[in-house]
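A short worksheet on the structure shown next.
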Amino acid sequence: MIKRSRLRPLRTLGHAFIKRIWRLGAGARLFWLTLISSGESFRRLHLTIREVYFTGVMSLIIIVVSAFFVGMVLALQGYNTLQRYGSSEAIGVLVALALVRELGPVVTALLFAGRAGTAITAEIGLMKATEQLSAMEMMAVSPISRVIAPRFWAGVIAMPVLNVLFCMVGILGGYLVAVPLIGVDAGAFWSQMQANVDWRLDILNGVIKSVVFGIACTMIALFEGYDAPPTAEGVSRATTRTVVTSSLVVLGLDFVLTSFMISL
Amino acid sequence: MERTTIDLWVGIFVALGVAALLGLAMKVGNLTTVSIGETYMVSANFENIGGLKPRAPVKSAGVVVGRVADITFDPATFEAVVSLSVDKRYSFPKDTFANIYTAGLLGEQYVGLEAGGDEVALKNGDKITQTQDAIVLEKMISQFLFSKASEETKDSPPAQASTPAESTPSDSTKMEDDALGSNPIDAL
Amino acid sequence: MTQNIVEIDNLSFGYKGRMLHQGINMVFPRGKVVAIMGGSGSGKTTLLRLIGGQIKPTKGEVRVDGQVVHTQTREGIYQLRRKMGMLFQHGALFTDLSVYENVAFPMREHTDFPESMIRDLVLMKLHAVGLRGAHQLKATELSGGMARRVALARAIALDPDIVIYDEPFAGLDPISMGVICDLIRTLNDALGTTSIIVSHDVKETFSIADYVYFVANGTVAAEGTPADLSKSTLPFVHQFVHGEKDGPVPFHYAAGDYKQDLLGYEA
């Protein structure tokens, strides 16, 4: 006979696994319900526009400032390495490709999860805790089509927009460091970039990534809020989980998407 | 907050996004230089493509005119078949010469097209017959050392050293048509 | 048209084997104020959720306007809910909207009224609860009593047949309590609605209710008019109405022997 206590780690593992799977299923169910109740988000577009304001416009400052610094640092670090091989003109390519392919979508998604995702989770969680969602239900208004779906679509719209802004501002930051500060030729900076950045394979793929990240981050934030226990502690834990889960999912998805895009 | 203010901000936000995307496409990407529109396919056989990859640019006179679409191996001739998709706007004569060059000493490899004098233009599905293989750096170095060594023992005239490729057994006859000595140096 | 707008028939409900309600029967006649009373945790709020169709009964049924609630489709339940207005315990106002928008919310969702009409209706409803002057305030700027009144205005926005009050007096100062009390009765009579009140505040509830059900241990322990119940000699009702510490509802949660618990370590 094995002692019961020896089995405890296994039981804990099993419990954690079942819970994860259950949450995955519940999340997928909410995603599906959101999709089929999306009609109102577009029929009454101002509902969605309002959320684009809160998720997108309110995230502009953090996105623009981060992008600027990321671009500048990329240029500094890149120059440091490239000049050893006498190819400092390739600095434009390095900055642009790094931003457009990877850093733009990923860093935007991480910042989005921290800025907008947490706000969404906390808002939905508090709406639930203060019975606002139940009140809506009792008024024969579906919270999914009135509260969840507009926020979802707003996130899906805002993320790619933030991503292209991130890339553009980042490249601008890189330009400011490379050209006026270091003295790389401006013509070489832009022409090398243009010769090596492909519209479809680099830029469009980056945008596709950010759309996928937008879906993932917003849905995770919404689900965590919707699923949060209606207490102060429950909401705060859910907010933390939003950041952790979103970040991990974004990085994982990035790997999957990149490997798909490279093999194609 | 007033709904009109929100609308305005969201309008600015989306407009900024579209502007940034256009900026990326025009200023950063090569949407303006290579159209993803109409292309035609031609193929070329090479004995050795070196490190040429699909998607590598096809250039003529330094201008990107297309992309390498596909690279396959022909088991009958033991050659590499490279299909090139070339922009419809540019037509090339039938006797165009296809070379595989390296951008810089260690840069990526690309296909260079040198127009011939034929009056008939290449059509979709045509084959470029005149090709020159990629320069494999290791091979060149070993050839150079070999010829240097033989030069020293035989005390041969220096003119022989300028055509080291002649001594490689793998060289095809096609290559001899060309002024071979100048090309690798061009590429380097 | 049935005489009773809401009927609860042999209703049982429970979670995972622990039954909260066992065989409850209640009727709510049209135009009356009916109260459901009981101690905390006796499942009063759950009863309201069963009436609203938010949860399904384990056994028995709830009929609203002659229709069984739990067999309805989602659409059907939504149709039934449009006949109901609910006042939540803490108001549950939408914190991101103003007072005006909160009251306008059900109209915007369910009607195509033009803005001018919505404005008139909202101001009328707010006037009825005495808060017309506060229409531009944010929901978060209101005191507890005011929030409750705005929520009441929102609950009656679409002139429902039934208004459900979940603990309308909880956590209010005596003045606000009196105001709410008065509002429930006047609105009920003026609009001809049926009111269902869930509460444990005996004095206020007895002052306005036409009929009272006492819920204890999952069943209806007593029922009658407030006057009857005040005189009731049933031990439970007596304890509840007069707020006695010990009685059929013990002060102590079921526990083992006290002495044993304290000295247990040495044993």
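Letters A, B, ... mirror the listed sequences (proteins, then strands); counts begin at 1.
Annotation: R241(A), atom CZ; neighbour count of heavy atoms from other residues, nucleotides and ligands within 6.0 Å is above 12. Taking a 6.0 Å sphere around CD of E75(C), one finds it holds 12 or fewer heavy atoms contributed by other residues, nucleotides or ligands. Around the CD1 atom of I61(A), the shell of radius 6.0 Å holds no more than 12 heavy atoms that belong to other residues, nucleotides or ligands. Summarising the local packing, CZ of F42(A) is surrounded by more than 12 heavy atoms from other residues, nucleotides or ligands at distances under 6.0 Å. Atom CZ of R237(A) has 12 or fewer neighbouring heavy atoms from other residues, nucleotides or ligands inside a 6.0 Å radius. Atom NE2 of H46(A) is surrounded by more than 12 heavy atoms from other residues, nucleotides or ligands within 6.0 Å. Residue K32(C) places its NZ atom among 12 or fewer non-hydrogen atoms of other residues, nucleotides or ligands, all under 6.0 Å distant.
The nearest pair of heavy atoms linking R82(C) to A140(A) is CG-CB, 3.6 Å. Across A92(C) and Q132(A), no two heavy atoms sit closer than the pair O-CG, 4.0 Å. Shown here for S134(A) and Q54(C), the closest heavy-atom pair between the two residues is O-NE2, 3.8 Å.
With hydrogens and angles ignored, the 3.5 Å screen pairs a side-chain donor or acceptor of R81(C) with a backbone N or O of E137(A). With hydrogens and angles disregarded, no donor-acceptor distance shorter than 3.5 Å links the side chain of H90(C) to the backbone of E131(A).
With a 4.5 Å cut-off on non-hydrogen atoms, L93(C) touches chain A through its backbone but not through its side chain. Residue contact with chain A, scored on non-hydrogen atoms closer than 4.5 Å, involves the backbone and the side chain of Q89(C) alike.
Looking at M138(A) and D166(C), their side chains never come closer than 4.5 Å, going by heavy atoms from C-beta outward. Using a 4.5 Å heavy-atom threshold, the side chains of H110(C) and V141(A) count as touching.
When each of I77(C), D96(C), L87(C) is checked for heavy-atom pairs under 4.5 Å with chain A, D96(C) comes out on top.
Note on E109(C) versus R44(A): salt bridge recorded, some NZ/NE/NH1/NH2 to OD/OE distance being below 4.0 Å.
F94(C) CZ to R146(A) CZ: the interatomic distance, rounded to the nearest 0.5 Å, is 7.5 Å. Considering CE of M139(A) and CG of L158(C), their distance stands at 9.5 Å, rounded to 0.5 Å.
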